Amino acid sequence: MKETVVSGIRSTGKLHLGNYYGALSNFVKMQDAYNCFFFIADLHSLTTHPTPGDLSRTVREVVVEYLAAGINPETSTIYVQSDVPEVAELYLYLNMNAYLGELERATAFKDKVRANPDNVNAGLLTYPVLMASDILLHHGTKVPVGKDQEQHLEMTRTFGNRFNRLYNVDYFQEAMAFSYSDKLVKIPGLDGNGKMGKSNGDASCVYLSDTPEVIRKKVMRAVSDAGPTEMNQPKPEAIQNLFDLMKVVSTADTLAHFEDLYNNCAIRYGDFKKQLAEDMVLATEPVRSRINDITNDDEYLKKVVRLGAEKASESARKTIREVREIIGIKKLF
Ligand code: TYM
């Protein structure tokens, strides 16, 4: 039997290169070897209170981008999280065994509290419990995610193991974060610090759907500095970030060429950025053109989403039946 893969991306807007190289490109690579469930995490996105219109628009965008990136809806299960309400039931059960201290210690939670002190809602606190529910609902054991999700996977294992211990069963297996590279990926943004992410602003992100002109503009404006003044000088963060991005989208030869120029104090950032932008345009081109092909194909999208909901619901209903039985929830008569 094939091992089960579960992963999702929040529907907070168009997907960027961080989502792509951290998660989506691995979804595509994994789909033939594993039994895959890939969902659009619309329930997770509610922590930031999107308007109803924005919510449904972004869910649709992410479905389109999953398909455009090459996920095959016949072999993988692509579904919208809220189409499978069983996840909310499992979330409720797991919440009974998730403790305030451990939830408050989660790095992502602490970051969000710092960034938005006026919106520290309970959904944000229990975000990792909902994530664990997504994974355990289908008995996922491999979870393709970026580096920022590593701790949440650890928490998923904690909640699953705790459930097993509490009810003296061997029901949930341990899920591991997965990437094809030797470690989980962190794609930096264009703004000189931190990772590429929507919360760092549009200028830090290159979206899969950005036109070549927009990509060129964003990259040319990326934060850099006056250039190296000593041979083999260590790179400041903003420059290292651009090299890290080049490592992802360019050939090894191109990267080596610019490393060499940097180390010899001969680099011209204009040329470096131009090359980086062109390689980003090239890397995103196949996805971008497929986005344009399918974005208005209502019939196709409807078929995909309905099929996904059916397949995911079947797996979810079985788990909920079994979990209720383990917990002792049954109809009295
Ligand atoms: P989200 O939407 O924040 O991120 C989706 C995926 O993209 C990865 N990612 C990155 N990877 C590398 N570098 C970056 N700059 C970068 N930015 C984003 C994230 O690591 C993630 O893999 N909570 C999850 C969504 C989710 C989920 C799940 C994932 C909900 N339930 C169950 C796996 C299993 C999240 O981070 O969404």
Side-chain angles (χ1 to χ4, degrees), residues 4-28 30 36-48 50 58-59 61-62 65-66 69 77 79-82 84 87-88 90-91 94 106-109 111-112 115 123-124 126-157 159-160 174-181 183-191 193-201 204-208 241 244-245 247-249 312 316:
T4 298
V5 169
V6 181
S7 194
I9 299 183
R10 274 178 309 154
S11 53
T12 49
K14 296 168 188 292
L15 304 188
H16 49 69
L17 292 185
N19 298 132
Y20 184 70
Y21 289 106
L24 188 53
S25 64
N26 286 329
F27 297 1
V28 176
M30 294 179 93
C36 294
F37 292 87
F38 299 126
F39 61 94
I40 294 90
D42 56 343
L43 299 177
H44 276 97
S45 73
L46 296 179
T47 58
T48 55
T58 50
V59 167
E61 276 169 5
V62 181
E65 290 179 340
Y66 274 14
T77 301
Y79 69 100
V80 180
Q81 190 184 28
S82 59
V84 183
V87 75
L90 185 57
Y91 170 56
L94 294 179
T107 311
F109 175 71
D111 288 349
K112 292 263 154 57
L124 202 60
T126 56
Y127 185 105
V129 187
L130 183 53
M131 236 180 106
S133 308
D134 291 321
I135 297 166
L136 298 175
L137 192 62
H138 303 298
H139 299 275
T141 49
K142 279 200 160 52
V143 186
V145 283
K147 175 86 184 143
D148 58 318
Q149 295 302 308
E150 197 168 28
Q151 192 182 31
H152 288 159
L153 266 290
E154 212 177 295
M155 295 171 84
T156 296
R157 291 192 288 277
F159 300 143
E174 292 199 328
M176 304 308 286
F178 179 84
S179 159
Y180 279 102
S181 46
K183 35 186 189 6
L184 298 179
V185 173
K186 176 187 161 189
I187 302 295
L190 294 173
D191 56 350
N193 52 53
K195 63 168 184 156
M196 187 174 289
K198 279 205 92 102
S199 46
N200 296 331
S204 94
C205 297
V206 172
Y207 296 107
L208 294 174
N241 286 353
D244 287 349
L245 284 165
K247 192 169 178 186
V248 174
V249 296

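Just so it is clear, the model here is predicted, and its values are computed rather than measured. Whatever order the structure lists them in is the order used to number ligands and atoms, beginning at 1.
The aromatic rings of Tyr207 and His16 lie tilted to each other, with the angle between the two planes from 30° to 60°.
Residue-ligand proximity, Lys186 to ligand 1, at heavy-atom distances under 4.0 Å covers atoms 12 (C), 13 (N). Residue Val143 approaches ligand 1 through these ligand atoms, each under 4.0 Å from one of its heavy atoms: 33 (C), 34 (C). The Phe39 neighbourhood of ligand 1 comprises atoms 28 (C), 31 (N), 32 (C), with distances under 4.0 Å to a heavy atom of that residue. Those atoms of ligand 1 with a heavy atom of Gly22 less than 4.0 angstrom away are 11 (N), 12 (C). Each of the following atoms of ligand 1 lies closer than 4.0 Å to a heavy atom of Gly146: 11 (N), 19 (C), 20 (O), 22 (O).
Contact annotation: for Gln81 versus ligand 1, there are no heavy atoms closer than 4.0 Å. The side chain of Ile135, and not its backbone, has at least one atom closer than 4.0 Å to an atom of ligand 1 (non-hydrogen atoms only; side chain from C-beta on). Under 4.0 angstrom from ligand 1, the non-hydrogen atoms of Ile187 come from both its backbone and its side chain. With a 4.0 Å heavy-atom cut-off, ligand 1 is reached by the backbone of Ser7 and by its side chain too. At a 4.0 Å heavy-atom cut-off, ligand 1 does not touch Leu130 at all.
Looking at Ile135 and Leu153, their side chains come closer than 4.5 Å, going by heavy atoms from C-beta outward. By the 4.5 Å heavy-atom criterion applied to side chains, Leu245 and Leu190 are counted as neighbours. When side chains are defined from C-beta on, Leu43 counts as touching Leu130, because their heavy atoms get closer than 4.5 Å.
In this structure, Gly197 falls outside the shell of residues with a heavy atom less than 4.0 angstrom from ligand 1.
Rounding to the nearest 0.5 Å gives a distance of 9.5 Å between CZ of Phe39 and CG of Leu137.
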